[in-house]
Amino acid sequence: MLPSTASTNYISPATKSDSGELSSPPESALLHRCLSERPYQVSRAEGSYLYLSDGRKILDACGGAAVAIIGHGNKEVIAATTAQMNQVSYVHTMSYTTSSAEDLARSVLSPENCPSFDHGLVRAYFVGSGSEANDAAMKCARQYWYELGKGRTSRKVFVSRRGGYHGNTIGAMSISGNVARKKPYLETVLSNVAFVSPAFAYRFQQTEKGETEDMYAHCLVEEVEAEFLRLGPENVVMFSAETVVGATTGCVSAPRGYWRGIREVCDRYGILLHLDEIMCGTGRTGTYFAFEPEGIRPDIVTLGKGLGGGYVPIAAMLVSGKIIDVLRQGSSSFNHGHTYQAHPIACAAALAVQDVIRKEQLIEKCYRQGKRLGVLLRKEFGDSRFVGDIRGKGLFWALEFVEDKKSKQPFHAGMGFGISVQKQAFELGIAVYPGAGTVDGEKGDHILLAPPYNVTDEDLDNIVRILKRAYQMIERRVRGSIIDHKL
Ligand SMILES: *Cc1c(COP(=O)(O)O)cnc(C)c1O
């Protein structure tokens with residue numbers, strides 16, 4: 001880790017007790033992510049701002065993990081949620097349904113969300129988290145083959161990509177390529193999973209050898225086909241990938257032609273295509289579905305983070321007519337279920353979030369503000385010594401840090417460059433989302449920006465300006481340590 005000049009640990013500072021004396025907070029009963037550091041306590045959140053219990057005001061430039069798409073404290077969402085609580089707070093989905101769940105499904109699947117073609121998705125299944133949604137996708141896909149084979153199928157292998165993330169439950173973690181999050185569990189994850197290369201041009205397109213974007217895309221698609229053939233296509237359930245990769249590598253879009261190629265290869269062998277849009281979907285990249293501009297029709301899509309905008313825990317699996325028809329003709333059921341699936345309050349809140357997005361045309365706004373953010377970032381960081389790549393789409397942008405721009409050599413893993421920038425930015429009043437292991441799960445780092453779709457021009461300017469200052473402070477410190485090292 002870099003030597004820090006500011007106090008950058010996460011332990012909440014001493015708080016004032018009622019008598020006005022300073023005292024340390026009591027030991028937490030909550031199992032935090034880290035046992036040695038206590039996260040900041042947030043006492044209030046409104047719009048794009050978080051108010052900490054120590055009196056600080058933080059501009060939330062990442063919405064947690066790209067979650068708070070309409071900002072905090074929206075009155076319409078709060079009203080819809082409390083109204084639902086007064087109406088029906090819970091029913092079991094085995095026997096009952098509610099209008100909030102029905103309406104949310106209709107809203108998410110609405111053709112309005114994919115104006116340029118019929119996406120072919122006909123059913124929505126609501127759960128409490130992205131990981132659950134992806135587990136549901138894995139089970140649904142497997143059941144598709146099971147029903148199609150009247151109870152017999154050789155299809156049991158899931159194919160996904162290195163450098164992608166699909167969640168932390170055993171199923172979703174098994175298809176994830178995020179090395180750090182899997183490490184202690186490597187011997188307990190599913191073994192029927194195969195991985196192919198990420199679609200990550202900045203790192204892996206061999207531009208110096210004359211490889212064009214089209215050639216790179218073609219090469220990746222060929223690799224997927226070769227992997228299907230190696231496994232035996234009759235053994236493969238589904239190919240899963242993030243349409244635009246989020247936390248693991250930082251806002252990485254696939255090269256032009258990649259998705260069409262993947263769709264064709266999946267179709268050639270009848271393999272299902274699952275797009276994980278838990279982070280990049282619900283408008284984040286400037287269209288409701290990140291797959292729309294790619295012009296492909298996935299068989300299963302999962303949504304999460306932005307769906308409830310952070311107001312409630314909710315995620316969705318969306319299923320195409322092709323799969324539903326097979327289930328209908330088979331057992332006529334989806335052999336899966338959760339106590340809290342399609343929870344009425346969660347659905348009511350998420351429905352209100354969808355309504356706000358539509359009424360305030362927030363996806364168009366996200367698209368426009370995204371263009372602006374891209375211009376600002378390129379202007380401020382284009383010449384920065386340690387910023388190797390500036391990439392993104394919609395309000396979903398990342399800066400990848402490197403020690404050497406020409407060779408793209410990352411900083412060594414222990415340096416924590418990205419974390420240092422994030423901590424420094426926080427000290428200066430903005431929250432950004434850091435990521436490490438960008439290159440191969442170990443080396444490389446980036447930070448991710450994902451402000452709310454209704455972010456103002458002024459806030460956007462402030463985010464970039466403050467981030468630049470934070471970056472410069474870390475750059476100066478690192479340059480100093482490189483010189484020290486050489487002496
Ligand atoms: C966050 C995320 C998940 C997991 O969602 P949880 O709600 O944390 O379980 C899955 N896939 C992607 C792409 C994500 O970003």
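In each ligand, atom 1 is the first atom listed, and ligand 1 is the first ligand listed.
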Minimum-distance protein heavy atom relative to atom 6 (P) of ligand 1
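The protein heavy atom lying closest is G130 N, 3.4 Å.
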Which is closest to atom 4 (C) of ligand 1 by heavy-atom distance: G64, S131, A247, S176?
S131
For atom 2 (C) of ligand 1, state which one of M279, E132, K305 supplies the nearest heavy atom.
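It is K305 whose heavy atom sits nearest to atom 2 (C) of ligand 1.
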Between F291 and F289, what is the ring plane arrangement, given parallel below 30°, perpendicular above 60°, and tilted in between?
parallel
Polar side chain donor-acceptor pair, H446 to T249, under 3.5 angstrom:
no
Look at atom [atom1] of [X] and say whether more than 12 heavy atoms of other residues, nucleotides or ligands are closer to it than 6.0 Å.
X    : atom1 : answer
R268 : CZ    : yes
K322 : NZ    : yes
Y340 : OH    : no

Of all the atoms in ligand 1, which lie at a distance below 4.0 Å from a heavy atom belonging to [X]?
X    : result
G167 : 4 (C), 10 (C)
S129 : 7 (O), 9 (O)
D276 : 10 (C), 11 (N), 12 (C), 13 (C)
N134 : 10 (C), 11 (N)
E242 : 13 (C)

Test R203 against E400 for salt bridge (charged side-chain N to carboxylate O under 4.0 Å, His left out), laying out the working first.
CA-CA 10 Å; R203 281 288 160 198; E400 183 173 338; 2.7 Å; yes
Does only the side chain of T169 get under 4.0 Å from ligand 1, or the backbone, or both, or neither? Count heavy atoms.
neither
Could you go step by step and tell me if L448 and F396 meet the side chain to side chain contact (heavy atoms under 4.5 Å, CB included) rule?
CA-CA 7 Å; L448 195 151; F396 198 43; 3.9 Å; yes
